[in-house]
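Contents: one structure, followed by commentary.
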Amino acid sequence: MKTAVNRIRGVERDIVQMPQAGDVAPYYEPQGNEVAIFEAAFRKRLPVMLKGPTGCGKTRFLEHMAFQLKRPLVTVSCHEDLTSSDLVGRFLLEGSDTVWQDGPLTRAVKAGAICYLDEIVEARTDSTVVIHSLTDHRRRLTIEKKGQEIDAHEDFMLVISYNPGYQTVLKDLKPSTKQRFIALNFDFPSEDVERKILVNEVPGISVEIAHQLVAAGRKSRLLKDHGLEEATSTRALVYAANMINAGLDPVTACQVAMVNPITDDIELAEAMMEIVQAHFA
């Protein structure tokens, strides 16, 4: 209840925060043995790489696991301007003084949080190199600007996400980085699981609509072999279900949530709309 109220009011909170009493666990529907594997990695404090397409549930899985393990989750959305200073920290001017401000990675290391570097390949190379000493036997973060080393809290865990389907030779993780992680492969859920997700994520959506959305989404994913760069994600299906609940007709809801966001190719868009119309005729 407290979490829900905070979201409504737009209350600010610190990025390092333990799950609170009364919070509801983030919903996640297991697809295989990923929960057991992650728990084993956490027991041994091994870093984990979540591999899979956008919108298949990687982030929700990690939110669920952090809650179950009762650890704070610090999330960093990686991008091409993200520097090592953004992760580790920097000196700032405060009045006439110069003060040090820890970055999110440093705070997670000290607090024993799970630090999640989302889409790690989008970050600059110097940002990925800084995590190497945290992902081997040393479990240590070096802060070069302060001339310090920090031994990670015993509960600290590093997790990165990675979408192999979008990478090129010029923009990919180095083998020396990849081999430091336990890798969990994710894909879009099975048809039954995906229907369960829609019904849970969109209260009030009918089982029939959920069935039609999932069927249309799964068939449209086949177009990925015919030039579609990004497949219809489970997230897109949830968005479409929400738009239907908001009063849009199903075909329009699918167009704005499933088709328009992922392709500007007229022929592919028309092919996807034909699939949608066939399922909602």
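Counting heavy atoms from C-beta outward, Lys51 and Phe181 have side chains that stay 4.5 Å or more apart. For the pair Leu213 and Val238, the minimum side-chain heavy-atom distance is 4.5 Å or more. Residues Phe280 and Cys254 meet the side-chain proximity criterion, which asks for heavy atoms closer than 4.5 Å. The side-chain heavy atoms of Val74 and Pro104, taken from C-beta on, include a pair separated by under 4.5 Å. Residues Leu222 and Ile275 have side chains not in contact (no heavy-atom distance under 4.5 Å, counting atoms from C-beta outward). Considering only heavy atoms from C-beta on, Ser85 comes within 4.5 Å of Lys145 through its side chain.
A distance-only check finds no donor-acceptor pair linking the side chain of Gln148 to the backbone of Ile143 [under 3.5 Å]. For the pair Lys219 (side chain) and Met272 (backbone), a donor-acceptor distance under 3.5 Å is absent. Judged by distance alone, with hydrogens and angles left aside, the side-chain atoms of Asp136 form no donor-acceptor pair with the main-chain N or O of Arg180 at under 3.5 Å. In this structure, Thr106 contributes its side chain and Gly89 its backbone to no donor-acceptor pair below 3.5 Å. At distances below 3.5 Å, at least one donor-acceptor pair connects side-chain atoms of Arg71 with backbone N or O atoms of Gly112. Between the side chain of Asp97 and the backbone N or O of Val99, no donor-acceptor pair lies under 3.5 Å. Using modelled atom types, one side-chain atom of Arg45 and one backbone atom of Glu154 make a donor-acceptor pair closer than 3.5 Å.
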So Thr232 and Ser220, side chain to side chain donor-acceptor pair (under 3.5 Å) or not? Walk me through it. CA-CA 7 Å; Thr232 301; Ser220 69; 2.9 Å; yes

Walk me through it: do Leu87 and Ser127 pass the test side-chain contact (heavy atoms from CB on, under 4.5 Å)? CA-CA 7 Å; Leu87 288 175; Ser127 301; 4.1 Å; yes

Given Leu158 and Val109, is the side-chain contact (heavy atoms from CB on, under 4.5 Å) satisfied, shown in steps? CA-CA 9 Å; Leu158 183 66; Val109 165; over 6 Å; no

Decide side-chain contact (heavy atoms from CB on, under 4.5 Å) for Leu105 and Val76; before the verdict, give the C-alpha distance in whole Å, the side-chain angles of both, and the deciding distance to 0.1 Å. CA-CA 8 Å; Leu105 177 59; Val76 179; over 6 Å; no

For Asp14 and Arg107, what are the C-alpha separation, side-chain angles and deciding distance, and is it a side-chain contact (heavy atoms from CB on, under 4.5 Å)? CA-CA 11 Å; Asp14 192 77; Arg107 294 194 61 195; 2.7 Å; yes

Please report the C-alpha distance between Phe38 and Phe61 in whole Å, then the side-chain angles of each, then the deciding distance to 0.1 Å, and finally whether the ring pair (Phe, Tyr, Trp, His ring centres under 6.0 Å) criterion is met. CA-CA 10 Å; Phe38 192 92; Phe61 165 74; 5.6 Å; yes

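Residue Leu92 places its CG atom among more than 12 non-hydrogen atoms of other residues, nucleotides or ligands, all under 6.0 Å distant. For CD of Glu191, the number of neighbouring non-hydrogen atoms (other residues, nucleotides, ligands) closer than 6.0 Å is greater than 12. More than 12 heavy-atom neighbours from other residues, nucleotides or ligands sit within 6.0 angstrom of NE2 on His153. Counting non-hydrogen atoms of neighbouring residues, nucleotides and ligands closer than 6.0 angstrom, the CG atom of Asp264 reaches no more than 12 such neighbours.
No donor-acceptor contact under 3.5 angstrom links the side chains of Asp118 and Ser77, judged on distance only.
A search for side chain to side chain contact (heavy atoms under 4.5 Å, CB included) contacts involving Thr75 returns Leu73, Tyr116, not counting sequence neighbours. Applying the side-chain hydrogen bond (donor to acceptor under 3.5 Å, both in side chains) criterion to Thr83, with sequence neighbours excluded, gives Asp86. Under the rule for a ring pair (Phe, Tyr, Trp, His ring centres under 6.0 Å), the partners of Phe91 that lie at least two apart in sequence or sit in another chain are Trp100.
In terms of heavy atoms, Gln68 sits closest to Ala25 at NE2-CB, 3.8 Å. Taking each heavy atom of Ser133 and Arg138 in turn, the nearest pair found is CA-NH2, 3.4 Å. What you find for Leu82 and Ala123 is that their closest heavy atoms are CD2-CB, 4.0 Å.
In this structure, Tyr28 and Phe186 have perpendicular ring planes: the angle between them is above 60°, well past the 30° mark.
A single hydrophobic cluster is seen to contain both Phe156 and Leu117, as judged by linkage of ILVMFWY side chains at heavy-atom distances under 4.5 Å, directly or through other members. A continuous path of hydrophobic side-chain contacts links Leu50 to Ile37 [ILVMFWY only; heavy atoms under 4.5 Å].
Using a 4.0 Å cut-off between charged nitrogen and carboxylate oxygen, Arg124 and Asp81 do not count as a salt-bridge pair. The pair Arg218-Glu194 counts as a salt bridge, with a side-chain nitrogen and a carboxylate oxygen less than 4.0 angstrom apart.
Going from atom CD of Gln17 over to atom CG of Asp23 covers 8.0 Å, rounded to the nearest 0.5 Å. Phe42 CZ to Met65 CE: the interatomic distance, rounded to the nearest 0.5 Å, is 9.0 Å.
The side chain to side chain donor-acceptor pair (under 3.5 Å) test with Asp151 singles out one residue from Lys110, Arg140, Arg139, and that residue is Arg140.
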